[in-house]
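The residues of the chain are indexed from 1 along the displayed sequence.
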Amino acid sequence: QVQLVESGGGSVQAGGSLRLSCAAFGYSYSGYCMGWFRQAPGKEREGVVSLDTDGGSTYYADSVKGRFTISRDSAKNTLYLQMNSLKPEDTAMYYCAADLRPCDGGNWYDKRWYAYWGQGTQVTVSS
């Protein structure tokens, strides 16, 4: 059974940084797609960034390019999201997602494409 457990959320002022972690259990995430989504109140869940764990390709939403960085530690089976220069509009519940297929460049941002989800971690950015 695949389990994803996020941590690292919190409250920060605009311009600050946070690092989210996603620990994966039940599989070794090699050759699969993992990513981060977020959902603000009243809005749809949207793709933030995804990583193909085999080829290393990454896919970023335009809104976070240059500010957020996805990375992984294969030894710890953990995915990270480093978020810098945070803005109030980044406030949302952040979810780790995974699928046991290589990333699809045309669908990486589509929440329906991912089979596994974490419980989410809240990020709040104040102005």
Report the residues that fulfil salt bridge (charged side-chain N to carboxylate O under 4.0 Å, His left out) with Asp110, sequence neighbours left out, ordered by chain and then residue number. Arg112
About how many Å separate [atom2] of [Y] and [atom1] of [X], when rounded to the nearest 0.5 Å?
| X | Y | atom1 | atom2 | answer |
| --- | --- | --- | --- | --- |
| Tyr94 | Met83 | OH | CE | 5.5 Å |
| Asp52 | Asp104 | CG | CG | 10.0 Å |
| Met93 | Lys43 | CE | NZ | 15.5 Å |

Using the rule that Ile, Leu, Val, Met, Phe, Trp and Tyr join whenever any side-chain heavy atoms are under 4.5 Å apart, tell me whether Tyr116 and Val49 fall into a single cluster. yes
Flag side-chain contact, heavy atom, 4.5 Å: [X] against [Y]:
| X | Y | result |
| --- | --- | --- |
| Trp117 | Leu4 | no |
| Ser50 | Met34 | no |
| Ser21 | Leu79 | no |
| Arg38 | Val64 | yes |

Non-hydrogen atoms of [X] and [Y] that approach each other most closely:
| X | Y | value |
| --- | --- | --- |
| Gln122 | Ala92 | NE2-O, 3.4 Å |
| Trp113 | Cys103 | CH2-CA, 3.9 Å |
| Thr78 | Lys76 | OG1-O, 2.9 Å |
| Cys33 | Tyr114 | SG-OH, 3.7 Å |
| Thr53 | Arg72 | O-NH2, 2.9 Å |
| Gly105 | Trp108 | O-CD1, 3.5 Å |

Who are the side chain to side chain contact (heavy atoms under 4.5 Å, CB included) partners of [X], not counting sequence neighbours?
| X | value |
| --- | --- |
| Ala14 | Pro88, Val125 |
| Ser126 | Gln13 |
| Tyr109 | none |
| Lys87 | Arg67, Glu89, Asp90 |

Determine, step by step, whether Thr91 and Val123 satisfy the side-chain contact (heavy atoms from CB on, under 4.5 Å) criterion, reporting the C-alpha distance in whole Å, the side-chain angles of both residues, the deciding distance to 0.1 Å, and the verdict. CA-CA 5 Å; Thr91 295; Val123 171; 5.9 Å; no
side-chain contact (heavy atoms from CB on, under 4.5 Å), paired with Leu20, selected from Val48, Leu81, Ile70: Leu81
With Arg19 as the cation and Tyr80 as the aromatic partner, state whether NZ or CZ is under 6.0 Å from the six-membered ring centre and within 45° of the axis. yes
Examine Arg45 relative to Tyr95 and say whether NZ or CZ is less than 6.0 Å from the centre of the six-membered ring and inside a 45° cone about the ring axis. yes
N-O pairing of Glu44 and Lys111 below 4.0 Å: yes
Side chain of Thr121, backbone of Gly9: donor and acceptor closer than 3.5 Å? yes
Keeping Glu6 on the side-chain end and Gly120 on the backbone end, is there a donor-acceptor pair under 3.5 Å? yes
I want to know whether Phe68 and Trp36 have ring centres closer than 6.0 Å. no
Looking at residues at least two apart in the chain, or sitting in another chain, which of them share a side-chain hydrogen bond (donor to acceptor under 3.5 Å, both in side chains) with Ser17? Asn84
